[in-house]
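Working notes for the structure below.
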Amino acid sequence: MSMLGPRKGLEAAAPPGGGLRKTLGWPHLIALGVGAIVGTGIYTLTGVGAERAGPAVILAFAIAGAVCACAALAYAELATMIPAAGSAYTFTYAAIGETFAWIVGWALIIEYSLVCSTVAVGWSGYLVGWLQSAGLELPTALLSGPHAGGLLNLPAVLVALAVMGLLIAGTRESATLNIVLVAIKLVALTIFVVFALPAFDADNLTPFMPYGFGSQTIDGQSKGVMAAAAIVFFAFYGFDTVATSAEEAKNPTRDLKIGIVGSMIACTSIYMVIALAAVGAMPFRDLANSPEPLALVLRSVGQVTAAQGIALAAVVALPSVILVFMYGQSRVFLAMARDGLLPQGLAKLSDRGAPVRITLLSGLVSAAIAGFFPIDELAELANAGTLVAFIAVAVCMMVLRRTAPDAPRLFRCPAPTLVGTLAILGCLYLFASLPATTQGRFAIATVIGLAIYLAYGRRNSRLRVG
């Protein structure tokens, strides 16, 4: 057995029973992608991106979107070829081997856990801003972690625990509720643009690129367009909704390409317009690192009622994002536990079919992290895990083209070598553009994960012990 460990066999791409009805055309897929992608990142990280790149945060969104589009095309091929739980972890297990699958699975656990924490902190910022604008003052010590002079970000902790409770009870989002929440987010963003654009001042865009293009450290902080791209990359999470819809696409080969690229173009355009309206309405230094950037912009131009509406929309809609990612994290954890790489007792389901132990562990960890750390550090570390997973997906797609060329594929990535290489290089560049402290923390987390694998997972792997 090689140092890469055993590999899982490929599963049939088409599920038994004839599969789902093919009812989705490319317009449906674009709408699905826009609804899934647009949300938390643009609500919470516009200010952080502006602080790092100045007005050129507009360009940062374009770069991040282009990298994600390449990764999404590779992901679509594998998701339709290996339709099993575990996402990039399962793909890597089948294409490369167990050792790298563990590394990718551990990166996914980091990603999903920290996404939940990041969204919880962003939700807290909008909730506090909304309450304060309504005249309600709260104890400052309970509104932020030690990094901002407080003791604990209590609202972030509470929302993470509340979502954990819903998942333990077996509650999932309904399709109708999801549509309503997506509509709320999109309407709120439209309102923002309508009220912010009239206050546009071209002088606020000068200098456009105050810190240059590449990531560099200035006064102990990462600055530059790529430094901003490495964090606003967070805003494009959710494209896998399109990538996993191939079975229902009328013409997967054509419609998935149009759906993925079209939704990325649409979302990138939306983000660039919102960023343009934000940095055009107020100097980027005033916008920097605001916990509620869009509401702040509207208040600064005298649109207090609209600002309250934006904040309320975020308070209502963002918890659903925590639910989705906490659900996803528990399923990756579940797949690893079932494979024996983590204690199989964690995979035990409740009478309602919910993995209570895993969800409880995930929720408590996410809540604790949200209570003490700032949003930018959380998003950066979540992005590090995601970038590793995206690199793995691109590598697996190219490997399986060589090792399993005749395996059924509902969707084939166009120009796989070119697209895969661009995805890998783009993700590596974004990873290199993250702050050195983030890279160091991710390296430490990876070493801890490998230690767990060597001490437990390798010895208890179901493929190794039979």
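Because only heavy atoms are used, hydrogens play no part in the values below, and waters and symmetry mates are left out as well, while side chains stay in.
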Tyr43 side chain to Lys185 backbone, donor-acceptor under 3.5 Å: yes

Inter-residue atom distance Ser222.OG - Arg52.CZ, 0.5 Å rounding: 5.5 Å

Does the Gln303 side chain pair with the main chain of Ala196, one donor and one acceptor, at a distance under 3.5 Å? no

Determine whether a donor-acceptor pair (N or O, by modelled atom type, separation under 3.5 Å) exists between the side chain of Ser117 and the backbone of Ser366. yes

So does Lys257 get a backbone contact from the side chain of Trp26, meaning a donor-acceptor N/O pair under 3.5 Å? no

Could you tell me whether Glu380 and Arg441 make a salt bridge, using a distance below 4.0 angstrom between a side-chain N and a carboxylate O? no

Using a cut-off of 6.0 Å, state whether more than 12 heavy atoms not belonging to Phe431 lie near its atom CZ. yes

Tyr75, Phe390, Phe100 screened by ring-ring contact (aromatic ring centres under 6.0 Å, His included) with Phe91, the one that passes: Tyr75

Hey, what do you get for CD1 (Ile63) to OG1 (Thr268), rounding to the nearest 0.5 Å? 11.0 Å

Counting only N and O atoms by type, is there a donor-acceptor contact under 3.5 Å from the side chain of Ser433 to the main-chain atoms of Tyr429? yes

Quick check: does any side chain N or O of Ser113 sit under 3.5 Å from a backbone N or O of Ile110, one acting as donor and the other as acceptor? no

Is the distance between the ring centroids of Phe233 and Phe236 less than 6.0 Å? no

Contact between Phe284 and Pro210 at the side-chain level, heavy atoms closer than 4.5 Å - yes or no? yes

Looking at Thr421 and Thr417, would you say the former's side chain and the latter's main chain have a donor-acceptor pair under 3.5 Å? yes

